[in-house]
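Here the structure comes first, spelled out in structure tokens, and everything after it is commentary.
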Amino acid sequence: MSALFVCENPAAWRHVYERYREVIQAKGKKTDKLLILDKWYQEELPSIIAGRSGKYITQSELVKLMEWKLTRGKFRPRLQQLVASNSEETVEKCSRKAFSLLPNVQAAIAELSSLKAVGPATASAVLAAGAPEQAAFMSDEAMQSVPGLQPIKYTAKHYDLFLSKMVECTKKLNEADSRQDWTPHRLELCLWAWAVASQQQLPLLMEVDVKGSVVEKSSEEGQRPTKKLRTK
């Protein structure tokens, strides 16, 4: 369980959120691949989906989304090959129906899971890109951060439990934050960033007091202001 998940101070969460891009850079420091893929997933893909008449994703977008998922998390090359075997027609038809089933997230997950190499985790990534206010990506890091989910199971039932806890936490943060811009998707970004920062012992851990406050850094450190991540 992550100390961040039980933190009820929006300022602490926001600080982690605003450092997400830096954590992405730290994790993918050897190449720009993760940074480029993540920018596409977080910014470009949501705009593309929203701009369509009836939300859906294409076969090439599903393949690229899988590449993002495996680069950001655990790499499983076989999944990349299998997901590419889905036809263009099948991916569009299936994803269009899945988005039309919302707000029934479970039904949408089941529909997307009918595609080859797509389970609840990949399906949740598709939904989070097009409906971040209703879904959160079922990442390993986020799942491990939420209490009551161990041992982790990559099933639709387990995702439902995970999402219910994420939605509950989202509501609490929005009640305490005048901006009211928290979504389950945004929470996943924070939990992922916090978990990776913990694994790599990044400075982010020393900057946030999850009991309620953000630790100010001295100007002598020459810390540049971070650029906010734009998400929908």
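Numbers for residues simply follow the sequence, beginning at 1.
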Main-chain N/O of [Y] paired to [X] side chain as donor or acceptor, under 3.5 Å:
X    : Y    : answer
K55  : G130 : yes
T170 : W182 : no
H185 : E133 : no
E88  : Q59  : yes
N86  : K116 : yes
S114 : A110 : no
E61  : T58  : yes

Side chains of [X] and [Y], heavy atoms from C-beta outward: is any pair under 4.5 Å?
X    : Y    : result
Y159 : M143 : no
L70  : K74  : no
K29  : Q25  : no
W13  : L187 : yes
K157 : L161 : no
Q106 : N104 : yes

Check your understanding: Cationic tip of R96 within the cone over F99's six-membered ring, i.e. under 6.0 Å and within 45° of the normal?
Key ->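 That pair does not qualify as a cation-pi contact.
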Please report the closest heavy-atom contact between [X] and [Y], naming both atoms and the distance.
X    : Y    : answer
W40  : P46  : O-CD, 4.1 Å
P184 : M166 : O-CE, 3.5 Å
A135 : L163 : CA-CD1, 4.0 Å
V91  : S95  : O-OG, 2.7 Å
P10  : D177 : CB-OD2, 3.5 Å
A129 : L45  : CB-CD2, 3.8 Å

Check your understanding: Under 6.0 Å from the CD atom of E8, do we count more than 12 heavy atoms belonging to anything else shown?
Key ->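 Open.
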Exercise for review: Answer yes or no: are there more than 12 heavy-atom neighbours, outside K165 itself, under 6.0 Å from its atom NZ?
Suggested key: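 More than 12 within 6.0 Å, yes.
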**Study point:** Salt-bridge criterion met for R21 and E43 (N-O under 4.0 Å)
**Key:**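 Counted as a salt bridge, because a side-chain N and a carboxylate O are separated by less than 4.0 Å.
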[atom1]/[X] to [atom2]/[Y] distance, rounded to the nearest 0.5 angstrom?
X    : Y    : atom1 : atom2 : answer
L37  : R72  : CG    : CZ    : 11.5 Å
T71  : L35  : OG1   : CG    : 12.0 Å
I24  : D32  : CD1   : CG    : 12.5 Å
L112 : C94  : CG    : SG    : 5.0 Å
L127 : I109 : CG    : CD1   : 4.5 Å
M138 : T122 : CE    : OG1   : 10.5 Å

Check the hydrophobic clustering (I, L, V, M, F, W, Y; side-chain heavy atoms under 4.5 Å; chains of links allowed) and say if [X] and [Y] are grouped together.
X   : Y    : value
L62 : I36  : no
I49 : V63  : yes
I48 : V126 : no
L65 : F75  : yes
F5  : V23  : yes

Review point. Would V83 and L115 satisfy side chain to side chain contact (heavy atoms under 4.5 Å, CB included), going step by step from the backbone distance to the final call?
Key: CA-CA 8 Å; V83 79; L115 293 168; over 6 Å; no
Practice item. For Q42 and Y20, test the side chains for any donor-to-acceptor distance below 3.5 angstrom and give the result as yes or no. Key: yes
Point to revise | Any residue meeting salt bridge (charged side-chain N to carboxylate O under 4.0 Å, His left out) with D181, in chain and number order, not counting sequence neighbours | key: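 With sequence neighbours excluded, D181 shows a salt bridge (charged side-chain N to carboxylate O under 4.0 Å, His left out) to R14, R186, given in chain and number order.
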Check your understanding: Under the side chain to side chain contact (heavy atoms under 4.5 Å, CB included) criterion, do E44 and S47 qualify, and how do the steps go?
Key -> CA-CA 5 Å; E44 297 173 30; S47 295; 6.0 Å; no
Which pairs of donor and acceptor atoms, one on a side chain in residues 190-199, lie under 3.5 Å apart (sequence neighbours left out)?
from	atom 1	to	atom 2	distance (Å)
S198	OG	W194	O	2.8

Review point. Do F162 and I152 pass the side chain to side chain contact (heavy atoms under 4.5 Å, CB included) test, and can you show the C-alpha distance, the side-chain angles, and the key distance before you say yes or no?
Key: CA-CA 10 Å; F162 164 70; I152 294 174; over 6 Å; no
Check your understanding: Among all residues two or more places apart in sequence or in another chain, which pass the ring pair (Phe, Tyr, Trp, His ring centres under 6.0 Å) test with Y41?
Key -> W68
